[in-house]
Every structure is written in C-alpha cells, then in structure tokens.
Amino acid sequence: MPIRVGVIGAGVMGADHIRNLSTTISGAEVTFVADLDAGRAAAAAPPSARITTDPSELINSSDVDAVVVASHDSTHAGLVLECFEAMTPVLCEKPLAPTLLESHEVVEAEADLLAATGARLLSMGFMRRFDPGYVALREATRARTHGEPLQVHCTSRTASAGTGASSESAITNSAIHELDIIPWLLDSPITEVSWQSGRSSRHSTGDLRDPAFMLLRAADGTLATLELFLNAQYGYTTRCEVVSEFGTTALPEPAALDVRHEGRRSTEIPADWRPRFADAYRLQLQAWISALEKGEPAPLATGEDGLRASQLAQAMIRSLHSDGAYAKVVY
C-alpha cells in the first residue's frame with residue numbers, strides 16, 4: 001500500500017510537492033489537499049484526492065498517513081504541533097517557524113514525544129541537502145581535497161520579492177537556506193553574524209532593504225558571505241564557492257538551453273527556484289517516503305536543524321537592528 005500523503009498549502013510550493021508525489025515519487029499517493037482557497041486546492045489536487053479549507057480535518061483524517069506542510073510560514077509551528085498530537089509524520093517546509101520562540105516550542109514538544117513514545121515525527125524541508133551539486137561540494141570540503149576551507153561565498157538572487165517582504169522576512173524565509181547549508185557544508189557551527197546593506201534597488205518597497213550582504217563566522221574560523229538580492233529582476237540564480245588553501249570548489253551552473261542566433265549567444269535563466277532545485281525536491285521527497293515505508297527515521301534535516309537555523313536568523317535580525325554590528329549566535 002502506498003503512503004497516503006496530505007498536503008497543506010496548494011500555492012507554488014505545495015502544488016509542486018503534489019505534482020512530484022503524484023507523478024515521480026515511488027510509494028506515495030496524495031489523498032487529501034488543504035488550502036484556505038478551496039478553488040486552489042481543487043486545481044492542485046489529483047482527481048481522487050479530497051479537498052478541504054480546514055487543515056485540522058486533513059491532519060486528523062483516517063485517509064492520511066503523513067503530512068506535508070507547505071502553507072504560509074506563520075502556520076508552520078501550529079500545524080506541526082497538531083501533527084504531533086495526531087501522531088502523524090510531517091515534512092515541514094522551511095522555516096520551522098518565523099520566530100525563535102515558536103521553533104523552541106516545536107523542538108521541545110518533539111523531545112517530549114520522543115521520550116514518551118520513541119517516535120520522531122518531524123522532518124524539515126531543507127532540500128539543498130539533497131541537491132547533487134551541494135552534496136558534491138560538501139564531500140570535497142569535508143575531505144579537504146584542496147586543503148582547509150578559508151572562505152565560503154554565496155549568492156542568492158530572485159526576480160522579485162513577494163508581497164509584503166521585509167528585511168526580517170528576507171532573513172527568515174530566503175536567507176534561511178544559507179543559514180542551514182553553510183554550517184552543513186563546513187561541519188562547523190556559526191558563532192557570530194553581521195547584516196549589512198548599502199544602496200537599495202528602486203524595486204525595494206516598505207521595510208525591505210535590498211540587496212543585503214551578510215557575514216557569518218564559523219567556529220573553525222572560516223568566514224562566509226551571502227549576497228541576498230530579492231529584486232534582481234532578471235530571474236533566479238544561486239551560487240556557492242568554497243575557497244580553500246590550494247584551490248576552490250563551486251556549484252556547477254545548471255544545465256540550460258544554449259542558444260546561438262543572429263550573432264549572439266544566450267542561455268535561459270529560470271524565473272524562480274523550482275527548475276534549479278527540481279532534483280533536490282524529488283530526491284528529498286523520495287527519501288522521506290522510502291523511510292516511512294520502511295518504518296525508519298527519515299534522512300532529512302531535523303527539527304533541531306530547523307531550530308539552529310532559526311537561532312542564526314534571530315542573531316542576523318539583531319545585527320540588522322544594530323547597524324550591522326556583529327551578533328553572537330545563542331544556541
């Protein structure tokens with residue numbers, strides 16, 4: 001019997017998960033979709049799946065064996081806690097929660113559940129840990145193929161910021177990927193951070209200062225940088241390079257159509273992150289479903305990983321509100 005999955009949130013990310021689970025993931029079936037917009041839920045759901053505007057109905061349904069939470073960031077912690085109450089395995093999209101307090105509450109609740117039942121139900125959707133490029137970069141870095149790592153340089157650019165984006169949400173929703181992946185690459189925790197900004201794009205609105213530049217210092221002394229630009233206009237790109245003593249290693253450019261026409265050469269740039277990380281999402285979902293089939297712990301990021309990323313984000317926000325002063329990370 002396939003693992004019957006309920007997906008909460010039928011927006012861009014939720015709809016993508018539904019397509020993957022329904023078409024490319026072995027051993028899974030989407031049986032229930034929840035979204036506040038019933039029409040959006042119906043449009044994303046497979047023909048045989050039930051739909052609802054009430055996520056609690058989905059979580060507690062006898063038609064659901066596991067849940068994917070892909071709804072708004074502000075709902076993540078509460079929905080994960082409901083899954084704990086229902087003893088239902090849950091894959092939560094990043095971030096674990098937009099606030100550090102909520103992240104602590106979820107991790108503490110899972111620790112209590114583990115002590116009482118031995119069950120570990122939460123997996124975090126930090127899909128870059130499954131991206132073949134990041135996996136190869138991590139292996140080379142940890143093997144010290146080119147000597148000790150000295151610096152890490154990351155770039156993350158999107159075409160346009162979402163409605164209501166702020167400098168804080170840019171950290172908790174976008175930079176959160178690098179806040180997870182940099183210590184994962186280095187196998188060294190981040191001890192202090194600094195948030196900087198200069199001249200902002202004319203496309204920045206409200207409380208968003210964009211682009212931003214972030215510095216992260218690891219416990220082993222490695223310095224990492226992140227340029228985060230949410231309104232880059234031209235499309236989506238992400239880069240990561242590790243500078244070591246005897247050489248450098250970097251993510252490969254994703255394969256794309258190379259066009260040569262009328263004396264010009266061009267390469268298509270995707271509009272958002274989904275084409276770039278399509279393999280990572282599929283590999284992550286398959287690993288999760290396969291672990292559930294076997295009754296084994298899922299080899300995904302954990303609630304504790306989500307909490308550590310939230311702790312880094314909180315330190316970055318402190319620096320943001322302190323004119324870029326270095327902020328210590330409190331674990």
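For this chain, numbers begin at 1 and follow the sequence in order.
- Under the side-chain hydrogen bond (donor to acceptor under 3.5 Å, both in side chains) criterion, the residue pairs touching residues 114-123 are R120-E304, with sequence neighbours excluded.
- Side-chain atoms of Q233 come within 3.5 Å of backbone atoms of N231 as a donor-acceptor pair (strictly under, hydrogens ignored).
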Q: Start with the C-alpha distance between E110 and V106, add both sets of side-chain angles, then the distance that settles side chain to side chain contact (heavy atoms under 4.5 Å, CB included), and finish with yes or no.
A: CA-CA 6 Å; E110 187 181 33; V106 172; 5.6 Å; no

Hey, can you pull the donor-acceptor pairs under 3.5 Å for the side chains in residues 40-47, sequence neighbours left out?
| from | atom 1 | to | atom 2 | distance (Å) |
| --- | --- | --- | --- | --- |
| R40 | NE | D35 | OD1 | 3.2 |
| R40 | NE | D35 | OD2 | 3.3 |
| R40 | NH2 | D35 | OD1 | 3.0 |
| R40 | NH2 | D35 | OD2 | 3.3 |

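- Residues passing the side-chain hydrogen bond (donor to acceptor under 3.5 Å, both in side chains) test with T88: none are found, sequence neighbours excluded.
- Nearest heavy-atom pair across V30 and S22 is CG2-OG, 3.7 Å.
- A search for ring pair (Phe, Tyr, Trp, His ring centres under 6.0 Å) contacts involving H76 returns nothing, not counting sequence neighbours.
- Y134 and F277 have parallel rings, their planes meeting at less than 30° on a 0 to 90° scale where 60° marks the start of perpendicular.
- Remark: R138 does not engage D187 in a salt bridge, criterion side-chain N to carboxylate O under 4.0 Å.
- In terms of modelled atom types and a separation under 3.5 Å, the side chain of S204 and the main chain of D210 share a donor-acceptor contact.
- Atom-to-atom distance recorded for E105:CD and E108:CD is 7.5 Å, nearest 0.5 angstrom.
- Donor-acceptor pairing under 3.5 Å is recorded for the side chains of Y234 and R157.
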(Q) Show, in sequence, the C-alpha distance, side-chain angles and deciding distance for V90 and V69, and conclude whether the side chain to side chain contact (heavy atoms under 4.5 Å, CB included) test is met. (A) CA-CA 7 Å; V90 54; V69 173; 3.7 Å; yes

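- Proximity of a side-chain donor or acceptor of S169 to a complementary backbone N or O of S166 within less than 3.5 Å is detected.
- Checking side-chain atoms of S244 against main-chain N and O of F246 turns up no donor-acceptor pair under 3.5 Å.
- Contact check on R217 versus E192 returns a salt bridge, with a Lys/Arg side-chain nitrogen under 4.0 Å from an Asp/Glu carboxylate oxygen.
- Side-chain atoms of H72 and S74 include a donor-acceptor pair closer than 3.5 Å.
- Here the straight-line distance linking atom CG of D279 with atom CD of Q284 works out to 12.5 Å at 0.5 Å rounding.
- In the hydrophobic clustering of ILVMFWY residues, with side-chain heavy atoms under 4.5 Å counting as a link, M124 and V7 come out apart.
- A distance of 9.5 Å separates CZ of R128 from CD1 of I182, quoted to the nearest 0.5 Å.
- Ion pairing between a basic and an acidic side chain is recognised when a charged N comes within 4.0 Å of a carboxylate O; R308 and D180 show no such pairing.
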Q: Applying side chain to side chain contact (heavy atoms under 4.5 Å, CB included), run through I18 and V68 and close with a yes or a no.
A: CA-CA 9 Å; I18 291 167; V68 173; over 6 Å; no

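- Although no hydrogens or angles enter the test, the distance criterion places a donor-acceptor pair under 3.5 Å between the side chain of T302 and the main chain of D305.
- I181 and L91 are members of different hydrophobic clusters when ILVMFWY side chains are connected at heavy-atom separations under 4.5 Å.
- The nearest pair of heavy atoms linking I176 to S310 is CD1-N, 4.3 Å.
- Remark: D207 engages no residue in a salt bridge (Lys or Arg N to Asp or Glu O under 4.0 Å) (not counting sequence neighbours).
- The two residues V242 and P149 come nearest to each other via the heavy atoms CG1-CB, 3.9 Å.
- Applying the side-chain hydrogen bond (donor to acceptor under 3.5 Å, both in side chains) criterion to T24, with sequence neighbours excluded, gives N20.
- From E102, atom CD reaches atom CG of L307 across 12.5 Å, with rounding to the nearest 0.5 Å.
- To the nearest 0.5 angstrom, I289 atom CD1 is 7.5 Å from I25 atom CD1.
- Linking Ile, Leu, Val, Met, Phe, Trp and Tyr residues whenever their side-chain heavy atoms come within less than 4.5 Å leaves L122 and L300 in two separate clusters.
- Judged by distance alone, the side chains of T155 and R239 never bring a donor and an acceptor atom under 3.5 Å apart.
- Residues I8 and V12 share a hydrophobic cluster, clusters being chains of Ile/Leu/Val/Met/Phe/Trp/Tyr side chains in contact below 4.5 Å.
- In this structure, D272 and P275 have side chains that are in contact, with non-hydrogen atoms separated by less than 4.5 Å.
- With sequence neighbours excluded, the residues forming a salt bridge (Lys or Arg N to Asp or Glu O under 4.0 Å) with R265 are D258, listed by chain and number.
- No side-chain donor-acceptor contact under 3.5 Å links W195 and Y326.
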Q: List the steps, then state whether side chain to side chain contact (heavy atoms under 4.5 Å, CB included) holds for L292 with D65.
A: CA-CA 9 Å; L292 292 177; D65 301 316; over 6 Å; no

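- Here the options are V193, I317, V330, the test is side-chain contact (heavy atoms from CB on, under 4.5 Å), and the partner is L312; only V193 passes.
- Taking a cutoff of 4.0 Å between a charged side-chain nitrogen and a carboxylate oxygen, D73 and K94 do not qualify as a salt bridge.
- Taking CD of Q286 as the start and CZ of R282 as the end, the distance is 11.0 Å to the nearest 0.5 Å.
- Ion pairing between D16 and R19 holds under the 4.0 Å rule for side-chain N and carboxylate O.
- Other cluster members for M1: none, since no ILVMFWY side-chain heavy atom sits under 4.5 Å from it.
- A distance-only check finds a donor-acceptor pair linking the side chain of S194 to the backbone of G324 [under 3.5 Å].
- Atom CG of L36 has 12 or fewer heavy atoms from other residues, nucleotides or ligands within 6.0 Å.
- For the pair T158 (side chain) and L230 (backbone), a donor-acceptor distance under 3.5 Å is present.
- Side-chain polar atoms of H153 and E227 form no donor-acceptor pair below 3.5 angstrom.
- Every residue two or more places apart in sequence or in another chain that forms a salt bridge (Lys or Arg N to Asp or Glu O under 4.0 Å) with R50 is listed here: E57, D63.
- Residues M87 and V64 share a single hydrophobic cluster, defined by chaining ILVMFWY side chains whose heavy atoms lie under 4.5 Å apart.
- In this structure a side-chain-to-backbone donor-acceptor pair under 3.5 Å is present from T145 to A140.
- Between the side chain of E241 and the backbone N or O of V152 there is no donor-acceptor pair closer than 3.5 Å.
- Partners of T222 according to the side-chain hydrogen bond (donor to acceptor under 3.5 Å, both in side chains) rule, which considers only residues two or more places apart in sequence or in another chain, are D220.
- Sparse packing is recorded around CD of E268, with 12 or fewer heavy atoms of other residues, nucleotides or ligands lying under 6.0 Å away.
- T141 meets the side-chain hydrogen bond (donor to acceptor under 3.5 Å, both in side chains) test with no other residue; sequence neighbours excluded.
- L150 belongs to no multi-residue hydrophobic cluster, having no ILVMFWY side-chain contact under 4.5 Å with any other such residue.
- In this structure, L186 and A218 approach most closely via the heavy-atom pair CD1-CB, 4.0 Å.
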